[in-house]
Amino acid sequence: MFDRMADVLELGGEDPFKVNAYRKASRVIKELKEDIENVWKTDRLNTLPGVGTGLAKKIDEFLKTGRMTKYEEIIGSFPSDLVDLLGIQNLGPKTLARAHKELAVNTLEDLKQVIQNGRLAQLPGMGQKKVENILKGIALREESTGRIPLGKVLPVVDEIIHALRKHLSTGRIYPAGSVRRMQETVGDIDILVETDPSRDILEAFTSLPLARRILGRGKTKASILIEGNIQVDLRAVSSDSYGAALQYFTGSQAHNVRLRSMAKEQGYKLNEYGIFKGEKKIGGETEEEIYEMFDLTWIPPELREDRGEIEAAVEGRLPELVDLYDINGDFHVHTNWSDGTASIKEMAQKAASMGYTFIGICDHSSSATYAGGLTPERLLEQIKKIREANREIHGIRILSGAEVDIRTDGTLDFADEILAELDIVIASVHSGFKHHVTERFITASRNPYVSILAHPTGRIIGQREGYEVDLDRVMNVCVETGTALELNAYYERLDLNDTNTRKAKEAGIKIAIGTDAHNTDHLDAMRLGLGVARRGWLEKRDVLNSLSVAEILKFSKRKRLAQF
DNA sequence: GCCGTTTTCGGCCCGACTGTTTTCAGTCG
């Protein structure tokens, strides 16, 4: 509601700082780890940063009565179709408000019409080119699918950097923005090259074969549109400013606002060229330099969301984030025994080539008929085959496991005697998403053979909301029973997500990263899972993948010895 | 609308690019 109010206030030409205050409060509430209702009940609304007397009163009214007078009043001041037009690129609040006031534009159709009949171009300050750009913005929005999953974008980023490298033999080339922060979806791609600003590299960039359209090209920055309507921005930055630029363009915006305020308080000025004391530049070549000026250790990009990382850095208690070299294996892998395409050996060999010491084969169970789920007999047969494979392949231990379905009545697809034969058991929900999912997870968690609950919220990025599940209750039982939660690294799942992962860690729950690979290439998704884990503040000790084979087996067995 | 150990008033992050102007406004990130 606050976000929407901000949009409308902006249209109305309200003080931009006021608009921003609404946006900030909205973000703070959105990222709150507990329910806002809880905060309200315990009379702590005014402890939230960005929530003062005014906004607290509005929240209070809403939670008490289900209505917010100010919201209704503000929202009513502009037609809602008009407010939706704010998302169109190149059309900002000023122009839109003017089109509304002077040309009676209320809908997208109205807007298209005043573009066509030339009246928009006649407004003061407007012209043919601006109108054309708005038209492009409209077209872009109509074709666009919104934010893109990170997993789809990373290979493209690699490709672009590889191509740029051919034009630039030395100098740093890094992605910035949400890609570098490993956010689960990205709106566009930012890339920074270390080179003296010249048009050469920018021209090389805009003439890349994958460039579908050139959106702009200046001396220091260029933008293109590639397939799938993904915008890629390239910036050329000189060596002595590269660190400052990388810091600046990595964001997040909220993190940078905090850092810049700190700079100002301490008498510095921070921009993308460096950190300045008066006119004198005192740093900017590396990111570390920037953070050092504030007596902070370098903050990993995945943490830069203003979710407490600055405070943690000030107090010297930043987490030592889990890293790729801490990862000894993958828990969740399918083979051609169910719906995967590779054999047990092929998956194991690829995993071994990645330096893993274990891989968990967890094919589907019988009720997953759509996925060729294994019958108990087939599973026992697979266990034998895995034993054989372990004798043949060296350097990696193949763990026998299963992704066993939690049926709608809460029972598991395999009997306990079967599960007892396995090294690890992952339990998951694949049907009845609205059918007592919380209770089913809790029942599964109490089963002594279940080591991990798979993709606990069931969301599919950009496609499906997820199950009706009370994650807090599930987590409580996981703590009690010593059950781990999965961080499913498949690019459309990333489930648990970053904030839930952090919540699980804080509750003391171990996280098992699994790629849910259905072929050998999918194993590379570990990179994505690791990104989310790091965004969730996970350290080596929070992640089951960092354990040795012996420790993993101990972890599964430990539960079997306890009684619930 | 928020915020405060120099402040309860007067700040609130800041630069590039584009298109429209002939010194700047709007938009974006």
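No experiment lies behind these values; they were computed from the predicted model shown. Order of the sequence lines fixes the chain letters, A, B, ..., with proteins taken first and strands second; residue numbering starts at 1 for each chain.
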(request) Report, as a single string ordered 5' to 3', how protein heavy atoms within less than 4.0 Å touch nucleotides 23-28 of chain B: B base, S sugar-phosphate only, - not at all. (result) ---SSS
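- Taking the C1' atoms as reference points, B/dT6 lies 24 Å from B/dG1, given to the whole Å.
- Contact check, A/Lys269 against B/dG15: a side-chain N or O comes under 4.0 Å of OP1 or OP2.
- Residue A/Thr515 holds its OG1 atom at 14.0 Å from OH of A/Tyr491, rounded to the nearest 0.5 Å.
- With rounding to the nearest 0.5 angstrom, the CZ atom of A/Phe78 is 12.0 Å from the CG atom of A/Leu85.
- Taking atom P in both B/dT27 and B/dC9, the straight-line distance is 34 Å, to the nearest Å.
- Residues meeting the side-chain hydrogen bond (donor to acceptor under 3.5 Å, both in side chains) test with A/Glu265, sequence neighbours left out: none.
- Remark: side-chain polar atoms of A/Thr286 are paired, donor with acceptor, to backbone N or O of A/Glu289 under 3.5 angstrom.
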Side-chain donor-acceptor pairs of residues 14-22 of chain A under 3.5 Å, sequence neighbours excluded:
residue: A/Glu14; atom: OE2; partner: A/Lys18; partner atom: NZ; Å: 3.4
residue: A/Asp15; atom: OD1; partner: A/Phe17; partner atom: N; Å: 3.1

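- Nucleotide B/dA16 is matched to B/dT27 when pairs are restricted to Watson-Crick or G-U wobble geometry with both distances under 3.5 angstrom.
- The separation between A/Leu192 atom CG and B/dA16 atom C1' is 14 Å, rounded to whole Å.
- For the pair A/Ile134 CD1 and B/dT18 P, the computed distance is 16 Å after rounding to whole Å.
- Between the P atom of B/dC14 and the CZ atom of A/Phe276 lies a distance of 12 Å, rounded to the nearest Å.
- Evaluation of the side-chain contact (heavy atoms from CB on, under 4.5 Å) rule for A/Lys540 yields A/Asp326, A/Ser546 as partners, not counting sequence neighbours.
- Interatomic distance, CD1 of A/Ile88 versus NZ of A/Lys136, reported as 15.0 Å (0.5 Å rounding).
- Under the side-chain hydrogen bond (donor to acceptor under 3.5 Å, both in side chains) criterion, A/Asp498 pairs with A/Arg307, A/Arg535, not counting sequence neighbours.
- Listed by chain and residue number, A/His522 satisfy the ring pair (Phe, Tyr, Trp, His ring centres under 6.0 Å) test with A/Tyr490 (two or more places apart in sequence, or in another chain).
- Atom P of B/dT21 sits at a distance of 24 Å from the matching atom of B/dA16, rounded to the whole Å.
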Show the atom names and distances, to 0.1 Å, of all donor-acceptor pairs under 3.5 Å that link a side chain in residues 126-133 of chain A to residues at least two apart or in another chain.
none

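- Considering only side-chain N and O atoms, A/Asn133 lies nowhere under 4.0 angstrom from the phosphate OP1 or OP2 of B/dT18.
- Across all their heavy atoms, A/Met475 and A/Asn500 have their closest contact at CE-O, 3.6 Å.
- When rounded to the nearest whole Å, the span between CZ of A/Phe249 and P of B/dG15 equals 11 Å.
- Proximity of residues 44-60 of chain A to DNA chain B (heavy atom under 4.0 angstrom from any strand atom) is restricted to A/Pro49, A/Gly50, A/Val51, A/Gly52, A/Thr53, A/Gly54, A/Leu55, A/Lys58.
- Every residue two or more places apart in sequence or in another chain was checked for a side-chain hydrogen bond (donor to acceptor under 3.5 Å, both in side chains) with A/Asp188, and none qualifies.
- For the atom pair A/Leu496 CG and A/Ile511 CD1, the distance stands at 5.5 Å (nearest 0.5 Å).
- B/dG29 atom C1' lies 17 Å from atom CZ of A/Arg180, rounded to whole Å.
- When the P atom of B/dT18 is taken as reference, atom CG of A/Leu215 falls 10 Å away, rounded to whole Å.
- Between the P atom of B/dA16 and the NZ atom of A/Lys219 lies a distance of 10 Å, rounded to the nearest Å.
- Applying the side-chain hydrogen bond (donor to acceptor under 3.5 Å, both in side chains) criterion to A/His100, with sequence neighbours excluded, gives A/Asn106.
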(request) Treat primed atoms plus P, OP1 and OP2 as sugar-phosphate and everything else as base, then score nucleotides 8-13 of chain B 5' to 3': B for base contact with protein heavy atoms under 4.0 Å, S for sugar-phosphate contact only, - for none. (result) ----BB
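- With the nearest nucleotide of DNA chain B identified for both A/Lys129 and A/Tyr22, A/Tyr22 has the one nearer the 5' end.
- Taking atom C1' on both B/dC2 and B/dT7, the two are 14 Å apart, rounded to the nearest angstrom.
- Protein atom CD of A/Glu14 is 14 Å distant from nucleotide atom C1' of B/dC2, rounded to whole Å.
- Sorted by residue number, the members of residues 112-125 of chain A with any non-hydrogen atom under 4.0 Å from DNA chain B read A/Gly125.
- Across the P atoms, B/dC13 and B/dC17 are found 23 Å apart, a figure rounded to whole Å.
- B/dG15 and B/dT20 are spaced 25 Å apart, taking the P atom of each and rounding to whole Å.
- Glycosidic conformation of B/dT21: anti, with the torsion beyond 90° of 0.
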(request) Take A/Asp3 and A/Lys30, measure what side-chain contact (heavy atoms from CB on, under 4.5 Å) needs, and give me the verdict at the end. (result) CA-CA 10 Å; A/Asp3 251 339; A/Lys30 219 179 292 178; 3.2 Å; yes
